[in-house]
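Below, chains carry the letters A, B, ... as their sequence lines are ordered, and counting in each starts from 1.
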Amino acid sequence: MPTRLATWNVNSLRVRLPQLWDWLALTDAEGGMDILGLQETKTEDEHFPWDDFEACEWHAVHHGQKTYNGVALLSREPLSDVVHNLPGLDDDQARVITATTQGLRVICAYFPNGQAPDSDKFAYKLRWLEALKAHLVAELQAHPRLVLMGDFNITRDDADVWDPVKLAGTIHCTDIERDAYGQLLGLGLHDAFRLFHDTPGQFSWWDYRGGAFRRNQGLRIDHVLVSDALKPLATDCSIDKRPRTFERPSDHTPVVLRLQDPAQA
DNA sequence: ATGCCTCAGCTCCTGAGA
């Protein structure tokens, strides 16, 4: 069983690879990372840095695409039964990768942004969320120990929003999106961060513009959900803000889940 | 102010992100 998992929207893996190594070096000093989900790699499979990861003893699977999207799973052990995207959804956007590793079923997802509630992209977001739900129903049935992690592009409630009045009803904050989030939880999943933290104003994303990070004007839109079977093993979930202070940061920062080692339980 | 950054790409501007 892994004890540390993380999700991070890197906003271009090519640009962010040095920051990824720097962050992993920090976590190595704290016990290391076992499984990592990346979003917005923005690269095709043939340009994915396979050799760099292999040299650092990471197994990797990637569902890539040029310019936009792209998701990867890294693990200290081999990954198997890999599924690209969402079964039943005809989608030319590379947003999901699912695999089994270290005794867990892990889904790494980059949810659609949705742009604005009256847009075609919002309608696509809702279709995509329906297909994700169906995928989760099937996966949970086959794999009780499941983690869904990624950039959800949804705030769960106003505690995840720096200015809930100003942003009421805007993208990431609509009741429709939050209801879809709630439906995922209704399948037997738990917002790991909220199991351990209930103070409002803890964010995983800050706009590049206007000194938003310095002012803590952000959103919590990156989430880790654990299944019913896994919930008792979760010991902590935290947002690591350090990479947001690096040179040339991603606008997102990693969210880390810690699981109890069953050998010590 | 449809603004403010940042990224990719048919790259010196545009579309998209959130």
Side-chain angles (χ1 to χ4, degrees), chain A residues 7-20 22-23 37-49 62-72 91-96 108-126 128-129 132 149-178 180-181 193 200-223 239 241 243-255:
Chain A
T7 178
W8 191 8
N9 180 326
V10 292
N11 184 13
S12 170
L13 185 57
R14 187 177 33 177
V15 173
R16 227 65 67 191
L17 196 57
Q19 287 87 336
L20 177 60
D22 288 348
W23 180 62
L38 304 177
Q39 302 88 39
E40 284 206 87
T41 59
K42 296 187 176 180
T43 188
E44 292 173 300
D45 290 348
E46 61 188 283
H47 297 125
F48 187 81
H62 182 234
H63 183 29
Q65 178 181 343
K66 187 160 70 172
T67 312
Y68 303 114
N69 311 313
V71 282
D91 194 354
D92 58 4
Q93 303 186 34
R95 294 186 173 277
V96 190
C108 172
Y110 174 47
F111 291 35
N113 176 299
Q115 198 166 61
D118 59 354
S119 68
D120 290 344
K121 289 176 181 175
F122 192 79
Y124 163 70
K125 184 174 195 171
L126 299 183
W128 188 94
L129 285 162
L132 174 65
M149 59 183 178
D151 175 359
F152 282 42
N153 273 317
I154 301 175
T155 58
R156 184 170 166 196
D157 55 38
D158 284 349
D160 293 341
V161 183
W162 69 275
D163 188 339
V165 175
K166 177 188 173 79
L167 297 177
T170 62
I171 197 66
H172 312 118
C173 303
T174 66
D175 291 341
I176 296 173
E177 293 164 278
R178 290 174 176 176
Y181 190 124
F193 187 78
Q202 304 187 77
F203 308 129
S204 64
W205 172 87
W206 301 261
D207 201 306
Y208 281 122
R209 300 168 292 187
F213 180 68
R214 183 168 40 82
R215 301 165 192 264
N216 199 33
Q217 298 178 341
L219 301 173
R220 189 175 73 100
I221 50 177
D222 300 271
H223 303 276
I239 296 170
K241 290 163 75 166
R244 196 61 172 74
T245 69
F246 291 174
E247 289 288 320
R248 274 191 106 180
S250 169
D251 42 356
H252 297 253
T253 209
V255 182

Next item on the list: Can you tell me the distance, in whole Å, between the CD1 atom of A:I171 and the P atom of B:dA18?
Entry: 10 Å

Note to self: Output the rounded distance in Å from CZ (A:F122) to P (B:dA18).
What the structure shows: 15 Å

Next item on the list: May I have the distance from A:K166 (atom NZ) to B:dA18 (atom P), rounded to whole angstrom?
Entry: 19 Å

Note to self: Work out how far the C1' atom of B:dA1 is from that of B:dC12, and round it to whole angstrom.
What the structure shows: 24 Å

Next item on the list: Ignoring backbone atoms, establish whether A:H252 has a side-chain N or O less than 4.0 Å from OP1 or OP2 of B:dA18.
Entry: yes

Check: Partners of A:Y68 by side-chain contact (heavy atoms from CB on, under 4.5 Å), sequence neighbours excluded?
Finding: A:Q65

Margin query: For the P atoms, the ones on B:dG9 and on B:dG3, what distance do you get once it is rounded to whole angstrom?
Written below: 23 Å

Notebook entry, point to check: With A:F111, which of A:Y124, A:F122, A:F152 fulfils ring pair (Phe, Tyr, Trp, His ring centres under 6.0 Å)?
Noted result: A:F152

Notebook entry, point to check: Atom NE2 of A:H62 and atom CG of A:D45: how far apart are they, to the nearest 0.5 Å?
Noted result: 5.5 Å

Distances under 3.5 Å only, N/O to N/O: pair up the protein atoms with those of nucleotides 6-13 of chain B.
unit_1	atom_1	unit_2	atom_2	d
B:dC7	OP1	A:R16	NH1	3.1
B:dC7	OP1	A:R16	NH2	3.4
B:dC7	OP2	A:R248	NH2	3.2
B:dC7	O3'	A:S12	OG	3.4
B:dA8	OP1	A:S12	OG	2.3
B:dA8	O3'	A:T67	OG1	3.4
B:dG9	OP1	A:T67	OG1	3.4

Note to self: Under 4.0 Å, counting only non-hydrogen atoms across every strand here, what does A:N153 touch: a base, just sugar-phosphate, or nothing?
What the structure shows: sugar-phosphate

Notebook entry, point to check: Taking CD from A:Q65 and C1' from B:dG15, how many angstroms apart are they, rounded to a whole number?
Noted result: 14 Å

Notebook entry, point to check: CZ of A:R209 versus C1' of B:dT2: gap in Å, rounded?
Noted result: 11 Å

Item checked: Atom pair distance, as rounded to whole Å: NZ in A:K121 and P in B:dA18 -> 11 Å

Check: Would one find a side-chain N or O of A:N69 under 4.0 angstrom from OP1 or OP2 of B:dG17?
Finding: no

Note to self: I'd like to check A:E177 versus A:I171 (side-chain heavy atoms, cut-off strictly below 4.5 Å). Are they in contact?
What the structure shows: yes

Notebook entry, point to check: Between B:dT11 and B:dT2, how far is it from one P atom to the other, in whole Å?
Noted result: 29 Å

Check: Expressed in angstrom and rounded to an integer, what is the separation of A:D120 atom CG from B:dG17 atom P?
Finding: 12 Å

Checklist line | Pairs meeting criterion salt bridge (charged side-chain N to carboxylate O under 4.0 Å, His left out) with involvement of residues 211-222 of chain A, two or more places apart | finding: A:D160-A:R220, A:D191-A:R220

Notebook entry, point to check: Base, sugar-phosphate, or nothing for A:Y110, non-hydrogen atoms under 4.0 angstrom?
Noted result: sugar-phosphate

Check: Could you walk me through whether A:R178 and A:D158 pass the salt bridge (Lys or Arg N to Asp or Glu O under 4.0 Å) check?
Finding: CA-CA 10 Å; A:R178 290 174 176 176; A:D158 284 349; 3.0 Å; yes

Notebook entry, point to check: Contact class for A:D151 (heavy atom, under 4.0 Å): base, sugar-phosphate, or nothing?
Noted result: sugar-phosphate

Margin query: Using the P atom as the point on both nucleotides, what is the distance between B:dC10 and B:dC4, in whole Å?
Written below: 24 Å

Check: Can you tell if the side chain of A:R16 reaches within under 4.5 Å of the side chain of A:R248, non-hydrogen atoms only?
Finding: yes

Item checked: Integer-rounded Å distance: B:dG15 P and A:N113 CG -> 17 Å

